[in-house]
Amino acid sequence: MRPKKTYLWVLGFGLLLWIFGFSNTGAAQPTLGVVWDISEDNPITNQHLLLFEDIGVTHIEFPAGISEDLMLRMDSLSFSILIRNDERFYTFQTLEESAEEFEELNREMLQTFEDYNRVAGFGLLSQSHFKDPDFSTAFEEKAETLNTLTEKTLYYVQNRQRVPLNSTGKPFGRLINDAPFNIEDLSVFDTYMQDHVEENNNLVLFLHSGWLIQAVEDVPELATSLKVYHEEGRWIFPMPYQEEQSSPANWLVFALLLLWIVLAVQVKFIPNARPMVLRYFLAHRFYVDDILQYRERYATQSIIMMVVHALSGGIVVFVASKMLISELGMNALTYHLPWLDWFNNGYISLSLFMIVLILVFQTISIFWLYLPAKNLRSMSQTANLYAGLLYTDYLTLTILISFYVTGFSAILVTILATFYLLIWFINFYLTAFNTARNQTSEKILYFILTSGLHTVINLSIILYLILQTDIIDILRLSLSL
């Protein structure tokens with residue numbers, strides 16, 4: 001009897017293992033989805049659809065422009081189809097102004113695709129200001145009206161997440177990669193799969209169709225791993241060998257080095273450049289007196305420093321925007337302000353805009369500070385008084401780029417960028433104060449015409465920007481994405 005009992009015990013234990021652990025197919029697990037990139041150069045083919053079925057793709061997300069013929073083909077397959085409008089980058093004001101158009105556009109999408117069997121959900125809006133409570137409330141009110149027209153899931157896209165309505169922000173899907181395929185992306189994809197499988201997470205992990213097709217063509221092992229995962233619930237992916245690549249040199253480091261070379265050239269070939277720097281910070285009063293008495297007549301180094309200051313401002317804006325505004329946020333900014341997208345690169349365009357702006361404002365400032373000054377004989381005196389403080393840009397820029405390249409937090413970068421702006425702002429008042437030092441009459445009038453008027457104009461600009469709620473909303477949207 002003992003051998004028989006032992007045999008039954010082993011059989012029962014094996015059955016329990018199979019039910020509760022060793023067969024993973026019944027547990028909640030991530031599935032694979034595809035965001036289809038429809039274009040004339042990249043048409044959908046039966047071969048692609050068969051590939052997706054074979055490797056376990058469960059969802060395909062199409063734009064609302066999908067043709068009726070393609071929908072009929074998809075309706076006969078096993079995929080769950082999502083249809084998404086391309087409306088994006090809405091602020092609260094945009095949503096209020098285009099409320100009727102928004103509802104009509106989505107109503108038309110629902111009416112067009114509601115009757116197809118394989119359609120599982122509709123995406124109403126993408127990459128908008130859902131972090132704004134007023135926007136979220138207004139959006140939910142409009143979405144509820146649309147919800148009465150369908151029994152299928154309504155959702156929105158925020159960053160890379162697909163979030164259903166009335167879900168308290170919990171997504172049902174997430175896009176893993178939003179760029180063309182690169183062999184290095186496989187490491188990120190592998191990590192995503194491992195993490196979500198271990199967590200028994202039932203998210204739909206979306207990939208762009210072009211990315212997935214290219215990845216499977218370049219790395220056939222990926223298709224095998226996806227097929228095994230689909231059939232057996234086990235994720236095992238042998239990462240292909242990748243040669244170690246040295247990180248590319250950062251152009252900001254070269255720009256900083258070039259600016260330091262400019263300073264070295266000044267010190268070497270312009271006789272009064274080195275004394276100017278030392279005396280401005282270590283013997284400031286004597287420096288100011290020499291300029292006011294017209295002992296320092298040349299302004300070559302000062303003009304160079306004003307150009308350096310403008311270039312520094314462009315770099316500061318580039319670094320700060322890179323740290324504070326994501327690629328998606330910059331796309332939103334240039335979408336609403338297309339004049340900022342001169343070179344199809346919002347970061348570069350913003351930097352160049354800042355360089356031009358600083359050069360213009362510095363030129364205006366020199367004339368502004370010189371013309372009311374009855375005690376000055378030449379505009380070079382104003383330029384020399386103005387440029388001295390700008391040498392602090394070298395220190396600010398060196399620390400800023402060092403923090404950025406080594407990956408320090410955005411807070412430190414923001415503090416340094418703010419310090420740069422304060423130096424630029426304070427420099428006008430300091431120059432006005434130094435210019436008026438030896439004036440015996442009309443000193444108060446000079447301060448009114450320079451510092452006083454400067455303050456009034458700046459406060460007016462700030463107040464105007466605050467009252468321009470559309471600009472504020474655009475900036476908030478860009479920072480939130």
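In what follows, every heavy atom counts, from backbone to side chain, and hydrogens, waters and symmetry copies are set aside. Quick note: residue numbers are just sequence positions, from 1.
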Using residues 62-69 as the side-chain source, report each donor-acceptor pair under 3.5 Å to any protein atom, sequence neighbours left out, with the distance given to one decimal.
{"from": "Ser67", "atom 1": "OG", "to": "Leu70", "atom 2": "N", "distance (Å)": "3.3"}

Heavy atoms only: give me the nearest [X]-[Y] pair and the separation to one decimal.
| X | Y | result |
| --- | --- | --- |
| Ala120 | Lys152 | O-CB, 3.7 Å |
| Leu256 | Ile401 | CB-CD1, 3.7 Å |
| Ala310 | Ile358 | CA-CG2, 3.7 Å |
| Ile325 | Ser478 | CG2-O, 3.9 Å |
| Tyr192 | Ile176 | CD1-CG2, 3.9 Å |
| His230 | Asp54 | CD2-O, 4.3 Å |

So, does [X] use its side chain to make a donor-acceptor pair with the main chain of [Y] at under 3.5 Å?
| X | Y | answer |
| --- | --- | --- |
| Ser187 | Glu184 | no |
| Gln362 | Met306 | yes |
| Thr58 | Leu32 | yes |
| Arg84 | Glu61 | no |
| Asn434 | Leu430 | yes |
| Asp132 | Ser136 | no |
| Asn427 | Tyr386 | yes |
| Ser80 | His59 | no |
| Asn384 | Ser380 | yes |
| Arg160 | Gln158 | no |

Take the angle between the ring planes of [X] and [Y] and call it parallel below 30°, perpendicular above 60°, tilted in between.
| X | Y | value |
| --- | --- | --- |
| Phe52 | Phe79 | perpendicular |
| Phe135 | Phe139 | parallel |
| His309 | Trp424 | perpendicular |
| Tyr394 | Tyr391 | parallel |

Report the C-alpha separation of Glu100 and Arg107 in whole Å, then their side-chain angles, then the decisive distance to 0.1 Å, and conclude whether the salt bridge (Lys or Arg N to Asp or Glu O under 4.0 Å) test is met.
CA-CA 10 Å; Glu100 291 184 9; Arg107 189 186 300 271; over 6 Å; no
inquiry  = Could you walk me through whether Asn159 and Leu481 satisfy the side-chain contact (heavy atoms from CB on, under 4.5 Å) test, starting with their C-alpha distance in whole Å, then the side-chain angles of each, then the deciding distance to 0.1 Å, before giving a yes or no?
reply    = CA-CA 6 Å; Asn159 295 321; Leu481 293 175; 4.0 Å; yes
When rounded to the nearest 0.5 angstrom, what is the spacing between [atom1] in [X] and [atom2] in [Y]?
| X | Y | atom1 | atom2 | answer |
| --- | --- | --- | --- | --- |
| Asn106 | Asn147 | CG | CG | 11.5 Å |
| Ile462 | Asn458 | CD1 | CG | 6.0 Å |
| Asp393 | Leu259 | CG | CG | 9.0 Å |
| Leu340 | Leu333 | CG | CG | 5.5 Å |
| Ser460 | Leu453 | OG | CG | 9.0 Å |
| Ile355 | Leu350 | CD1 | CG | 10.5 Å |

Can you tell if the side chain of [X] reaches within under 4.5 Å of the side chain of [Y], non-hydrogen atoms only?
| X | Y | answer |
| --- | --- | --- |
| Gln381 | Thr435 | no |
| Leu212 | Val57 | yes |
| Thr145 | Glu141 | no |
| Tyr335 | Leu477 | no |
| Leu400 | Phe419 | no |
| Thr94 | Thr91 | yes |
| Arg162 | Val204 | no |
| Tyr420 | Thr392 | no |

May I have the step-by-step check of side-chain contact (heavy atoms from CB on, under 4.5 Å) for Leu110 and Phe122, ending in yes or no?
-> CA-CA 7 Å; Leu110 266 59; Phe122 297 98; 3.8 Å; yes
ask   = Given Tyr90, which of Glu87, Gln93, Arg88 fulfils the side-chain hydrogen bond (donor to acceptor under 3.5 Å, both in side chains) condition?
value =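 Filter result, single survivor: Glu87.
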Candidate list Asp185, Asp37, Asp178, test side-chain hydrogen bond (donor to acceptor under 3.5 Å, both in side chains), partner Trp211, passing option:
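Going through the options one by one, the only one that passes is Asp185.
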- Task: In sequence, state the C-alpha distance, the side-chain angles, and the governing distance for Met71 and Ile83, and then conclude on side-chain contact (heavy atoms from CB on, under 4.5 Å).
- Result: CA-CA 10 Å; Met71 278 304 302; Ile83 308 293; 4.1 Å; yes
>> Looking only at the aromatic ring of each residue, does the gap between the centers of Phe92 and His129 stay below 6.0 angstrom?
In response: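 They do not qualify: ring centres at least 6.0 Å apart.
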request  = Tell me whether the centres of the aromatic rings in Trp235 and Phe189 are closer together than 6.0 Å.
outcome  =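 So the answer is yes for these two rings.
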If you count heavy atoms of other groups shown closer than 6.0 angstrom to [atom1] of [X], is the number above 12?
| X | atom1 | answer |
| --- | --- | --- |
| Leu459 | CG | yes |
| Glu108 | CD | no |
| Phe433 | CZ | no |

Could you list the donor-acceptor pairs under 3.5 angstrom formed by side chains in residues 311-324, with sequence neighbours left out?
{"from": "Ser312", "atom 1": "OG", "to": "Val308", "atom 2": "O", "distance (Å)": "2.8"}
{"from": "Ser321", "atom 1": "OG", "to": "Val317", "atom 2": "O", "distance (Å)": "2.8"}
{"from": "Ser321", "atom 1": "OG", "to": "Phe318", "atom 2": "O", "distance (Å)": "3.0"}

I need the single residue from Glu103, Glu101, Glu104, Glu96 that forms a salt bridge (Lys or Arg N to Asp or Glu O under 4.0 Å) with Lys142. Which is it?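 Among Glu103, Glu101, Glu104, Glu96, the one that satisfies the salt bridge (Lys or Arg N to Asp or Glu O under 4.0 Å) with Lys142 is Glu96.
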* Polar side chain donor-acceptor pair, Glu327 to Asn331, under 3.5 angstrom ->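 Looking only at side-chain atoms, Asn331 and Glu327 do not form any donor-acceptor pair under 3.5 Å.
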Would you check, one step at a time, whether the test side-chain contact (heavy atoms from CB on, under 4.5 Å) holds for Tyr229 with Met193? CA-CA 10 Å; Tyr229 173 73; Met193 289 297 294; 3.8 Å; yes
